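Below is one structure, written out as structure tokens, with a few remarks after it.
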Amino acid sequence: MRIATAAYPMDFLDDWKAYADKLSAWFADAAGQGAELLVFPEYGAMELATLAGAEAAGDLERSLHAVSDRLADADGLHADLAARHGVHILAASAPCFDEALGPRPVNRARLFGPQGDVGVQDKQIMTRFERDEWGVVGGGPLRLFDTALGKIGILICYDSEFPLLGRAMVDADVILVPSCTEALTGFSRVRIGSQARALENQCVTVMSSTVGNCPWSYAVDTNTGAGGLFGPPDRGFPPTGVIAEGTLDAPGWTIGDVDPAAIAKVRDDGVVLNRAHWDEQAGRDAAPAPQRLR
């Protein structure tokens with residue numbers, strides 16, 4: 001299957017048509033290159049706050065509500081574009097106020113299938129900025145989506161840096177990692193996490209990023225990143241594990257081809273079998289016994 005992952009710049013939008021036209025152009029570009037799965041980044045939906053005006057977009061709390069209030073419209077657009085192009089789409093994640101989960105917003109990504117199916121995945125572990133300044137909280141549990149393209153999991157940005165969350169996705173063929181990182185340090189952490197999860201689970205991980213400056217937003221004012229597709233550095237994959245990677249901070253799609261049969265083969269007969277040997281850590285992962293060597 002062909003996967004397109006975005007390095008996505010957020011814009012100040014004059015009206016809904018500007019947003020719809022922008023998304024339509026991005027979708028047409030990826031689908032025109034044969035992509036079957038399109039992956040947008042974490043918090044890429046924050047540009048929806050500009051539809052409420054500059055003052056709302058620049059105020060952290062008001063921007064959270066402004067984006068959440070537009071999610072139903074945005075989801076309708078994504079569903080229509082998925083059906084029109086016959087693709088699966090991970091929409092850019094967004095703050096979402098969900099009464100079932102409490103008074104504070106969660107960070108929610110939505111996966112759309114071409115037949116109208118929709119799944120949601122909430123971020124599990126908040127960064128310091130999300131918990132201390134945004135007041136964004138962990139949402140619903142991890143899910144594994146059984147799709148026509150294979151089994152797909154989603155670890156939103158910081159979640160990719162935690163191996164036990166990755167291990168929960170042990171049956172995923174592809175793990176999507178939508179990210180939003182301010183600096184090269186943050187981008188590097190998520191990139192390393194993405195590659196580590198591909199190594200451990202002997203699967204493919206797909207990282208998307210926000211890029212560019214957004215002076216109209218306190219929340220996402222500076223963004224550094226690139227798209228990337230990673231696999232285990234083993235049989236059937238590049239020796240570096242890098243299937244495809246975009247240029248840092250250059251907006252656009254990074255596109256790579258993934259053979260599901262290669263994932264099954266490396267899990268069954270790789271040079272190493274990290275996924276199968278994971279449980280051998282049990283009993284060996286207790287705190288190490290101290291020994292004085294000085």
Side-chain angles (χ1 to χ4, degrees), residues 3 5 37-45 68 71 75 78 88-102 104-113 117-128 130-131 134 136-181 186 189-209 228-232 258 260 263 267 274-276 278-279 281-282 285:
I3 300 174
T5 187
L37 172 61
L38 284 57
V39 183
F40 286 92
E42 178 189 38
Y43 287 128
S68 185
L71 273 188
D75 286 353
H78 283 80
H88 289 73
I89 302 164
L90 182 70
S93 83
C96 176
F97 286 86
D98 185 335
E99 292 182 358
L101 296 175
R104 295 306 302 165
V106 298
N107 180 359
R108 177 165 292 174
R110 292 93 57 224
L111 180 64
F112 296 86
D117 299 319
V118 184
V120 302
Q121 179 61 68
D122 296 337
K123 191 172 184 178
Q124 304 295 292
I125 301 176
M126 300 300 108
T127 62
R128 295 182 66 184
E130 284 175 302
R131 65 182 70 202
W134 293 44
V136 178
V137 298
L142 290 174
R143 293 180 168 89
L144 184 62
F145 303 101
D146 191 358
T147 77
L149 301 178
K151 294 179 179 178
I152 297 176
I154 303 166
L155 294 174
I156 300 176
C157 202
Y158 194 41
D159 287 349
S160 70
E161 299 176 32
F162 293 88
L164 295 186
L165 296 184
R167 182 59 181 178
M169 297 292 188
V170 66
D171 290 328
D173 303 305
V174 178
I175 298 175
L176 309 182
V177 185
S179 73
C180 176
T181 51
R189 288 193 295 268
V190 179
R191 184 185 186 277
I192 291 167
S194 298
Q195 288 197 273
R197 307 295 78 83
L199 173 66
E200 294 163 356
N201 284 348
Q202 295 181 284
C203 68
V204 169
T205 56
V206 183
M207 180 180 178
S208 56
S209 297
L229 286 84
F230 311 107
V258 173
I263 299 171
R267 285 174 166 178
N274 303 70
R275 181 174 179 266
W278 176 276
D279 291 337
Q281 297 174 94
D285 56 353

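Given the structure is predicted, the values throughout are model-derived calculations rather than measurements.
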Hey, what do you get for [atom1] ([X]) to [atom2] ([Y]), rounding to the nearest 0.5 Å?
X	Y	atom1	atom2	answer
N201	L199	CG	CG	9.0 Å
Q281	D279	CD	CG	8.5 Å
L229	L176	CG	CG	9.5 Å
Q124	I156	CD	CD1	8.0 Å

Counterpart residues, side chain to side chain donor-acceptor pair (under 3.5 Å), relative to [X] (two or more places apart):
X	answer
E42	N107, K123
E161	none
S209	S179
D75	R110

Subject >> Backbone of M207 reached by a side-chain donor or acceptor of S194 within 3.5 Å >> reply: no

Can you list, pair by pair, the side-chain donor-acceptor contacts under 3.5 Å of residues 137-154, counting residues two or more places apart and other chains?
from, atom 1, to, atom 2, distance (Å)
R143, NH1, V120, O, 3.4
T147, OG1, L149, N, 3.0
T147, OG1, G150, N, 3.3
T147, OG1, G150, O, 2.7

Original post:
Between W134 and Y43, what is the ring plane arrangement, given parallel below 30°, perpendicular above 60°, and tilted in between?
Top reply: tilted

**OP:** Kindly write out the residues that satisfy salt bridge (Lys or Arg N to Asp or Glu O under 4.0 Å) with R104, not counting sequence neighbours, or none if the list is empty.
**Re:** E61

Could you tell me which non-hydrogen atom of [X] sits nearest to which non-hydrogen atom of [Y], and how far apart they are?
X	Y	answer
I263	V204	CD1-CG2, 3.9 Å
C96	L71	CB-CD1, 3.8 Å
P232	C203	CD-O, 3.2 Å
T181	C157	CG2-SG, 4.2 Å
I175	A172	CG1-CB, 3.9 Å
S208	F40	OG-O, 3.0 Å

Original post:
Can you list every side chain to side chain donor-acceptor pair (under 3.5 Å) pair that touches residues 164-173, not counting sequence neighbours?
Top reply: D171-R275

Subject >> Residue pairs, two or more places apart or on separate chains, that pass salt bridge (charged side-chain N to carboxylate O under 4.0 Å, His left out) and touch residues 89-98 >> reply: D98-R108

Subject >> Listed once per pair and sorted, the salt bridge (charged side-chain N to carboxylate O under 4.0 Å, His left out) pairs that draw on residues 198-207, sequence neighbours left out >> reply: R197-E200

Do [X] and [Y] come close enough that some side-chain heavy atom pair is under 4.5 Å?
X	Y	value
T205	R191	no
L90	V206	no
V118	F112	yes
L37	V258	no

Subject >> Pairs satisfying ring pair (Phe, Tyr, Trp, His ring centres under 6.0 Å), at least one member in residues 157-176, at least two apart >> reply: Y158-F162

